[in-house]
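Data first, discussion second: the structure below is written as structure tokens.
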Amino acid sequence: GGYRWQLTNGTYSYDAAVARLSSNGVPDSTFGIGGVASFDQNTTATVRGDQFIYAIDVDVAGQVVAVGYSRDYTAATNQYGNNSAVIARFTPNGQLDPTFNPSGGGVLRTTGAEGATSSQKVAIDAEGKILVGFSSALHRYNQDGSLDMSFNNTGTTLSSYSIQALTLDAFGRIVTA
């Protein structure tokens with residue numbers, strides 16, 4: 001997954017990271033810092049959060065939506081826990097978008113309807129609604145990060161198979177494999 005690691009006080013931390021390059025492969029200096037946008041969700045002074053990005057999509061306004069996995073690590077007990085999926089939206093300049101899940105500052109931690117703690121697929125429709133694929137469920141989120149209750153009346157739909165790929169066709173229909 002997309003991440004960068006750093007060593008702090010003898011402990012590694014993994015921060016979610018998204019890079020944007022120009023069309024000639026050079027880091028885009030107008031995005032994040034040196035072409036890389038990242039975030040870290042340490043939950044307390046003693047509990048560190050690790051985030052990993054597995055898929056990204058860009059909407060028509062240039063906002064980047066990244067999905068993946070988050071976990072907490074407590075150094076005192078050497079234990080991982082509180083696993084969840086993570087969905088983040090960055091502005092076109094690489095800052096977390098405060099209008100997406102405002103209480104989370106642009107980041108949403110959640111689980112799939114079937115209990116999955118990792119989201120690995122994402123697609124954005126023409127209205128800016130965000131489809132997120134979990135292992136056997138699709139969730140659709142509004143632009144503010146809330147579940148879109150007009151999607152199957154619940155914001156989610158379950159699949160009878162494992163979802164490994166997600167896209168939208170030219171007519172806006174959802175295609176999974």
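Values below: all heavy atoms of this structure, side chains included; hydrogens, waters and symmetry mates excluded. Every value quoted in this text rests on a predicted model; they were computed, and no experiment measured them.
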Electrostatic pair Asp125:Lys129 at N-O distance under 4.0 angstrom
no
Is there side-chain contact between Thr99 and Arg89, with heavy atoms separated by less than 4.5 Å?
yes
side-chain contact (heavy atoms from CB on, under 4.5 Å) between Val122 and Tyr141, intermediate numbers included
CA-CA 11 Å; Val122 64; Tyr141 295 91; over 6 Å; no
Compare all side-chain heavy atoms of Ile87 with those of Thr110 and state whether any distance is below 4.5 angstrom.
yes
Verify same cluster id: Ile130, Phe151 (apolar side-chain graph, 4.5 Å):
no
Side-chain heavy atoms nearer than 4.5 Å, only ILVMFWY residues, links allowed to pass through others: does that put Leu108 and Leu147 together?
yes
Full working for side-chain contact (heavy atoms from CB on, under 4.5 Å) between Leu131 and Leu166:
CA-CA 9 Å; Leu131 283 156; Leu166 168 64; 4.2 Å; yes
Spatial distance of atom CZ (Arg109) from atom OH (Tyr69) [nearest 0.5 Å]:
9.5 Å
How far apart are the C-alpha atoms of Ser150 and Arg140, what are their side-chain angles, what is the distance that settles it, and do they pass the side-chain contact (heavy atoms from CB on, under 4.5 Å) test?
CA-CA 9 Å; Ser150 71; Arg140 188 165 71 184; 3.5 Å; yes
Is the shortest side-chain heavy-atom distance between Ser84 and Ser70 below 4.5 Å?
yes
Quick check: do Phe90 and Val65 have side-chain heavy atoms less than 4.5 Å from each other?
no
Step-by-step side-chain contact (heavy atoms from CB on, under 4.5 Å) determination, Leu96 to Val107:
CA-CA 8 Å; Leu96 283 172; Val107 178; 3.8 Å; yes
Do Leu21 and Asp28 come within less than 4.5 Å of each other through their side chains, counting heavy atoms only?
no
Quick check: do Leu138 and Thr176 have side-chain heavy atoms less than 4.5 Å from each other?
yes
Spell out, yes or no, whether Leu158 and Ile174 are grouped together once hydrophobic residues are joined by side-chain heavy atoms under 4.5 Å, including indirect joins.
no
Nearest-0.5 Å distance that lies between atom CG in Asn142 and atom CG in Asp144:
5.5 Å
Does Val86 share a hydrophobic cluster with Ile56, counting links as ILVMFWY side-chain heavy atoms below 4.5 Å and allowing steps through other members?
yes
Going by heavy atoms in the side chains, are Phe134 and Ile163 under 4.5 Å from each other?
no
Just verifying a value: how many Å separate Asp169 CG and Arg173 CZ, rounded to the nearest 0.5 Å?
4.0 Å
Taking the side chain as every heavy atom from C-beta outward, state whether Gln143 and Glu127 have any pair of such atoms under 4.5 Å apart.
no
Linking I/L/V/M/F/W/Y whenever their side-chain heavy atoms sit closer than 4.5 Å, directly or via other members, would Met149 and Phe100 fall into one cluster?
yes
